[in-house]
Amino acid sequence: MLLVPCPNCGPRNASDFAYGGESHVRPNPNQATPEEWRSYLYMEDNPAGWLKETWYCRSGCRRFFTVERNTATNEFREHPIPGTKLGGKA
Amino acid sequence: MSNSMRLPAQPGEVIDRSRRIDIKWNGKKLSGFDGDTIASALVANEVRVVSRSMKYHRPRGYLTADFWDPNGFVQVGDDPNVRSGHRLIEKGMTVDPQNVWPSLDYDVKAANGLVGRFLTAGFYYKTFIKPQRLWPVYEKVLARFAPGGVVDLDTPHGLYDKRYAHPDVVVAGGGPAGMAAAIAAAEAGSKVMLVEHEHHLGGHLLWGSAEDRALAAELTAAVETAGVEVLLNSTVTGRYEDNWVAIAQRSHPQAIERLVKARAKMLVVAPGLIERPYVFAGNDKPGVMLSGAVRRMVNMYAAKPGSRAVVFTGNGDGDAAASDLERAGIEVARIVDARNGENILAAHGPAKSMDSVELADGTKVEADLLVTAVGWTAPTSLLNMAGDRPSYDANAARFFPNSPIDHVLSTGGIAGDGSHEELIEHAVATGRLAAARAAAIGHRLQAATRRAASVDGEAPAFAADDRPILPRDPHPELFRSTTHGIVDYSEDVGSKDLMAAAAEGYDSVELLKRFTTATMGPSQGKLETVNTVAVLGEARGETIEEVGTTVWRPPYAPITLGALGGRIHEPARVSSIQPWHEANGVTPILAGAWIRPEHYGNPESEVRNTRANVGITDVTPLGKLDLQGPDVPKLLSQLYTNKWMQLPVGSVRYGIMCAEDGVVLDDGVTGRLGDEHYLMTTTSSGAASIWEWAENWLQTEHPDWKVHVTPVTTGLTSINVAGPKSRELVSRLVAHAGDGAIDLDGEAFKYMQVRQGTIAGVPNCIMWRIGFTGELSFELHVPSGHGLHVWEALLEAGKDLGVRAFGLEAQRIMRLEKGHFIVGQDTDGLTKAPSTGMTSLIKLDKEDFAGKAELAWAMDTPLPVVVGIQTVDPLIVPAEASQIVREGTNEILGRITSSRMSPTLRRSVCLGQVAPESAAAGTELTVVLTTGERIKARVMEHHAHFDPEGARLRG
């Protein structure tokens, strides 16, 4: 099981977290076209490599945080701006 | 015949002859000794046939006589598929052969062998495809031919358990290399867990020479001295991400099996080597055994596997087997040395035994035992799971680890050959390297944990791998003779089948595997993978390296479902009123994590009493979030579709929440208790997820908003007091003067308002007027320590008013009479907010709220509509989820989402979702009942079937 680096609690089992998916900037709901909005909701970049993603420390400090993970190696590195975006889906 | 094939005491035997153990085999009593496996006890009692093969039902005897023996599956009591080469005998054990009918000696299905040429690889695929309507028949017939024991459905659930461990180093394999690595790592300061598959530490040393056994004893003692934790009869079944190591522990004193989840900083893989069978005609006859099996039987268990042996050897282990047999007084009729180009062609004999061996030079040697020693399979499974793709070395005739992995090291036979000294030296270096790297990893992990004790100094460097390189002994490539034989014993797949499949075009190893099922049986490739690849190579005219191999996946050895499940541990939530419910004839219902009262005997009567007098119900599972801070209105505006910026103190409001795709997520009531203090209620099932949803918006999108969200679902006991006499009842319990007084007058405390005060002497209670049941009602939220007291006080004070408790079912009937939809029942994962008919609650003139963009577009889109529905025949209650179709067709227009017989209206009432063109009031609908009968129903003007104007709840 993957160890996920929570900025508060340290590396913990992935089962302690909820996965928030890829981090994208939420479009302005008053200006976005349906295509832009649905791309934000449903489309993933799914790269084989570095990916910015959101995790929620559900069984620990209950913080949402953003990290970068290499999807090919599962290596993590810190993302400079903590907590930047919303998962989009509930 | 007891112990008739038991040899005199052997120097390395592991049985205790002073402790006789009687067991039953196939209905007959036989005896062995403490320390015997089922296999050694059977062999010592002259049992040569233990099973029938899966497809052809050929008689089979022991081949490897260990955990991996494909012929050794037996039924032990109610436990099927027990590996008899591994399981130790116990007093009173009942062991039976499986996959035999009517008996082991006379098996009807052995006739399959005669028609074997029709049962070739792919037979099932080709034969039972058409016609499809016969599939159930095929299944019935084939099920009787399927292997496996008998499952007893009445077997009690025993204790299975789990353990979480955090060792620095896990060593998989307790042979000499594993032990030496474990000792070295422990001496270097690591916390080490050593996991051994078998019942003793020592690996192959246990059936080796006196010198081998002395080394095993020395290492075993050193393991203990070094403080290594040893798990015997336990298997590392898998290595997962970040060295998460799964261990099936079969040796726990209480648990039948325990799953140890170890987060190992370093994993050392030292499983040794698995001996490979040889492919030739008759290679599955009882009496054909591998050299390791024979040596285990003779040296560890003093059991005599035969009387006259031929030994076919290509290595030192075969030579040692020959000398072990001679030492034990078993005649070795002939040694066939593959290193001199000698070969065997076939084992001959009647159905259930072997009487001669045919050699390549044409001679036939009489023998009842044929020992083969043709080389090794490297069990690289754990390395595969860590990403390694082993490569084949033709000179050594086996696979080797290919690429270095930072956190996983291999040592012992899997890594190379050499003398004991060389192998131990390599293992010690491996243990030290593992310890050094584990220290570096531990330092990094602790430094990454902000709240852990701070770590001193710089992180130690990640140690480089400077271990000595082990030599590789040359070994002849011995896979198949010039005759055909069995390749996969557990799946009954022969070399001829593989070649035929390759000729048919299934000539890549992965295709061949799936088509023939070779390597897919219980031995999972441990014995047969390399032979499969070699035979395919022959068919393709290519080398093993060119053919490639399949990838080993977890689990390395089977693990019981019981161990994966662990203890039965399903905690349920109950409210503080639960003792009263239980004492008063409740019928409970499990709703999510909660045990709730469904009713107390008669839900219809509970409804009638509530409508006529007053009823109280326990609604504690309602999700409750305490919201505090200056920016709560902003948060509420963001979460709900309606407006919240102007909610006065003392008021409550209903709202709907949507996800960003516009689909209804939750609904509920939120009240403003003070300037910066609110209480939000959510659906019971949404209690946890809406908390996260709120935190998500606060932490990621609006970190500048000042709001504290605290879940108080279980901190408050919630009681709904409903009915025309509810005000009278509540007024008897609230304080009327002083601190905590509440004025219940209809003008002072209106519908959709909230008050705080003292109820039944309990201060700090919250009470609001809402109307889920459609009646005048007061919802009380009291500190849960006093919940039961307030509940009992209500019942006591309201005796003369006719107060009675009602349950979830009565509540659901009343809400349906009143037409309130339930999120998740009357809506689904596609129901957008406008479908609920609550369009007045969608305020698109707000700057932003969750789901706004989609809802703006949805307003102009025809969507399914939630409507009130009544059947024309008032006595028919269509089942929930009954389909609504276009008349005379099967075109689906919608479905019934809720339905009940209304005790109030004495007729059936429904909610449903229908297509927009069928949503107008008065539209006639066709509903298909579960019986297939079609009935008529009508769309109603309102969701509410009862009191649509709401006169009662405003009273």
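All heavy atoms count here, side chains included; hydrogens, waters and symmetry mates do not. The chains referred to below are lettered A, B, ... by the order of the sequence lines, with proteins before strands, and numbering in each begins at 1.
- With hydrogens and angles disregarded, a donor-acceptor distance shorter than 3.5 Å links the side chain of Trp37(A) to the backbone of Glu660(B).
- Looking at heavy atoms from C-beta onward, Tyr240(B) lies out of side-chain contact with Leu2(A) at the 4.5 angstrom threshold.
- Looking at Pro5(A), there are no atoms closer than 4.5 Å to chain B (heavy atoms on both sides), in backbone or side chain.
- Within residues 69-76 of chain A, the residues having any heavy atom closer than 4.5 Å to a heavy atom of chain B are Thr73(A), Asn74(A), listed by residue number.
- Counting heavy atoms from C-beta outward, Leu3(A) and Arg263(B) have side chains that approach closer than 4.5 Å.
- Of all the heavy atoms in Asp661(B) and Tyr42(A), the pair that sits closest is CB-OH, 3.5 Å.
- Here the straight-line distance linking atom CD of Glu854(B) with atom CG of Leu41(A) works out to 6.0 Å at 0.5 Å rounding.
- Within the 4.5 Å cutoff, the side chain of Asn13(A) has no heavy atoms near those of the Lys261(B) side chain.
- Between Lys846(B) atom NZ and Asn30(A) atom CG the span is 12.0 Å, to the nearest 0.5 Å.
- When heavy atoms are compared at a cutoff of 4.5 Å, Pro34(A) approaches chain B by way of both its backbone and its side chain.
- Judged by distance alone, the side chain of Gln699(B) and the main-chain N or O of Arg62(A) form a donor-acceptor pair under 3.5 Å.
- At a threshold of 4.5 Å between non-hydrogen side-chain atoms, the residues Asp242(B) and Met1(A) do not count as touching.
- Between the CG atom in Asn696(B) and the CZ atom in Phe64(A) there is a gap of 3.5 Å [rounded to 0.5 Å].
- Atom-to-atom distance recorded for Phe65(A):CZ and Thr700(B):OG1 is 13.0 Å, nearest 0.5 angstrom.
- In this structure, Glu692(B) pairs ionically with Arg58(A), as a charged nitrogen and a carboxylate oxygen lie closer than 4.0 Å.
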